[in-house]
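FYI, side chains are in, hydrogens and waters are out, and symmetry mates aren't considered; it's all heavy atoms of this structure.
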Amino acid sequence: MSTVTKIVPFGSGGRIAETARRTLSIAAEGLSALENQFNDREFSATFLRLVGIIMNVRGRLIVTGMGKSGIVARKMTATLTSTGTPAIFLHPADAGHGDLGMVTPDDVVLMLSHSGESNELGPIIQYCKRFAIPLLGMTARKRSTVAAASDICILMPDVKEACPNSLAPTTSTTIQMAFGDALAIALMEMRGFSADDFHKFHPNGRLGAQLVKVRELMASGGDVPRVEEDASLLDATIEMTRARLGGTAVVNGKGELIGAFTDGDLRRTVTGTRHMNEPVGRYMTVRPVSVGPEELASEALRLMHDHNITLLFVCEKDRLVGALHMHDLLHAGVA
């Protein structure tokens with residue numbers, strides 16, 4: 001069976017691009033309408049009550065929705081769980097076939113429905129009412145089943161869909177998604193969810209690598225190249241060769257970092273063997289760039305890029321505690 005590809009007439013590209021632009025413009029208007037909702041005192045108060053209930057729930061936030069709202073609910077659930085709010089998605093079609101058993105009296109249920117009249121939500125509403133499980137609603141219809149059944153209901157703005165037939169959910173799902181992000185970030189900030197917490201939930205992949213701390217990647221102890229300021233250039237060269245990091249730290253008697261001497265410095269300053277007995281302090285870089293062990297590895301990489309260097313020394317209150325090479329960052333996937 002052959003596949004027929006419809007050819008777009010030459011010259012219609014501008015019209016198609018205009019359609020795309022109009023779709024984005026309508027979406028932007030919807031987001032603006034949602035933002036303006038927060039200027040309404042009643043809406044803001046309702047949002048704060050919603051956040052308060054979710055913050056204080058002993059169990060989990062059960063997020064549910066049907067169709068496109070269900071897809072948004074899945075994404076909302078993923079964002080909430082990754083930012084510190086225990087959440088789980090419940091498919092309405094499966095709820096009446098045993099999955100309601102996952103909902104406990106310690107949980108709270110959030111229902112997403114643009115029209116507020118998704119029949120599949122009926123069993124969930126009945127179950128929650130029967131066992132006094134708090135119901136939260138999110139709909140654009142004030143006089144709807146979802147709004148009437150909810151203990152707290154967020155009324156979304158009744159926005160124009162980009163679909164020319166006003167049938168395919170477009171703008172309405174865009175603002176649902178945006179509201180979910182706003183809710184997740186508000187909860188995240190209220191919990192004081194830190195980069196450390198984020199790393200615990202995202203240990204793998206590039207995002208996890210960006211959240212690794214310097215102390216997890218740095219060389220420490222005897223692996224850190226160091227010489228004292230009165231050491232000779234020969235001593236510094238031997239130490240650089242031993243550590244194989246392309247440089248050595250120069251420290252004072254207290255172990256504080258006062259300088260750095262690299263392979264590049266050696267090539268630029270030494271013109272003959274007679275120089276090798278001169279003190280390294282004469283040729284070192286004074287007050288080199290350093291980083292703290294609790295800094296993110298991504299911040300260390302930024303410093304390397306900004307200063308065009310490949311080796312950073314790690315200090316705690318000026319005291320040398322480690323060394324971090326660009327290769328360590330690249331090997332860990334921090335890029």
Side-chain angles (χ1 to χ4, degrees), residues 82-84 188 192-270 279-335:
S82 69
T83 52
M188 177 182 175
F193 197 80
S194 66
D196 275 342
D197 297 319
F198 216 99
H199 187 212
K200 291 173 187 175
F201 293 163
H202 302 78
N204 298 323
R206 189 171 184 272
L207 180 57
Q210 299 298 315
L211 297 170
V212 168
K213 294 294 185 67
V214 166
R215 58 176 162 74
E216 299 176 60
L217 301 178
M218 71 182 191
S220 60
D223 293 328
V224 181
R226 72 182 75 198
V227 295
E228 295 198 356
E229 56 187 318
D230 57 354
S232 67
L233 288 177
L234 179 60
D235 293 332
T237 302
I238 293 172
E239 181 67 357
M240 285 192 294
T241 304
R242 180 193 69 81
R244 297 182 179 181
L245 290 178
T248 181
V250 182
V251 298
N252 60 20
K254 298 178 182 179
E256 297 171 332
L257 180 69
I258 60 172
F261 188 74
T262 67
D263 288 335
D265 294 327
L266 181 64
R267 289 192 298 272
R268 285 187 292 271
T269 59
V270 176
V280 69
R282 185 177 300 175
Y283 299 100
M284 70 182 183
T285 298
V286 181
R287 292 188 295 275
V289 179
S290 63
V291 68
E294 298 303 315
E295 292 288 344
L296 294 176
S298 55
E299 171 62 14
L301 181 63
R302 184 191 66 79
L303 287 172
M304 289 183 181
H305 282 313
D306 289 350
H307 296 276
N308 195 27
I309 56 177
T310 58
L311 178 64
L312 271 178
F313 292 107
V314 186
C315 297
E316 277 186 318
K317 296 181 179 179
D318 296 328
R319 187 172 178 275
L320 181 68
V321 295
L324 184 67
H325 196 276
M326 174 75 78
H327 291 160
D328 299 320
L329 297 172
L330 296 179
H331 182 73
V334 183

K.L.:
Within the 4.5 Å heavy-atom criterion, are L312 and M326 side-chain neighbours or not?
P.N.:
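With C-beta onward as the side chain, the pair stays apart.
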K.L.:
Side chains of residues 240-249: which donor-acceptor pairs under 3.5 Å do they make with residues two or more places apart or in other chains?
P.N.:
| unit_1 | atom_1 | unit_2 | atom_2 | d |
| --- | --- | --- | --- | --- |
| T241 | OG1 | T237 | O | 2.8 |
| R242 | NE | E239 | OE1 | 3.1 |
| R242 | NH1 | G222 | O | 3.0 |
| R242 | NH2 | G222 | O | 3.1 |
| R242 | NH2 | E239 | OE2 | 2.8 |
| T248 | OG1 | P225 | O | 3.4 |
| T248 | OG1 | R226 | N | 3.2 |

K.L.:
Look up atom CZ in R319 and atom CG in N252, then write down how far apart they are to the nearest 0.5 Å.
P.N.:
11.0 Å
K.L.:
How many angstroms lie between CG in L217 and NE2 in H325, if you round to the nearest 0.5 Å?
P.N.:
13.5 Å
K.L.:
Return the minimal non-hydrogen interatomic distance between P288 and L257, and the atom names on each side.
P.N.:
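Taking every non-hydrogen atom into account, CG-CD2, 3.8 Å.
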K.L.:
Do V280 and D235 have side-chain heavy atoms sitting under 4.5 Å apart?
P.N.:
no
K.L.:
Less than 4.5 Å apart, any side-chain heavy atom of M304 and any of T310?
P.N.:
no
K.L.:
Going from CD on E299 to CG on D306, what distance comes out if it is rounded to the nearest 0.5 angstrom?
P.N.:
8.0 Å
K.L.:
Please name all residues satisfying ring-ring contact (aromatic ring centres under 6.0 Å, His included) with H307, sequence neighbours left out, ordered by chain then number.
P.N.:
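Once residues adjacent in sequence are excluded, H307 has no partner under the ring-ring contact (aromatic ring centres under 6.0 Å, His included) criterion.
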K.L.:
Which atom pair, heavy atoms only, marks the closest approach of L320 to C315?
P.N.:
CA-SG, 4.2 Å
K.L.:
Show the nearest heavy-atom pair for residues V224 and V321, with the distance to one decimal.
P.N.:
CG2-O, 4.3 Å
K.L.:
Any idea which heavy atoms bring A236 and V227 closest together, and the distance?
P.N.:
CA-CG1, 4.1 Å
K.L.:
Measuring from M218:CE to E295:CD, what's the distance to the nearest 0.5 Å?
P.N.:
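Between atom CE of M218 and atom CD of E295 there are 12.5 Å.
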K.L.:
Under the salt bridge (Lys or Arg N to Asp or Glu O under 4.0 Å) rule, collect the residues that match up with R287, sequence neighbours excluded.
P.N.:
none
K.L.:
Which pair of non-hydrogen atoms, one from A323 and one from L311, has the smallest distance, and what is that distance?
P.N.:
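Between these two residues, the closest heavy atoms are CB-CD1, 4.3 Å.
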K.L.:
Judged by atom type as modelled, is there a donor-acceptor pair below 3.5 Å linking the side chain of E216 to the main-chain atoms of K213?
P.N.:
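Answer holds: yes.
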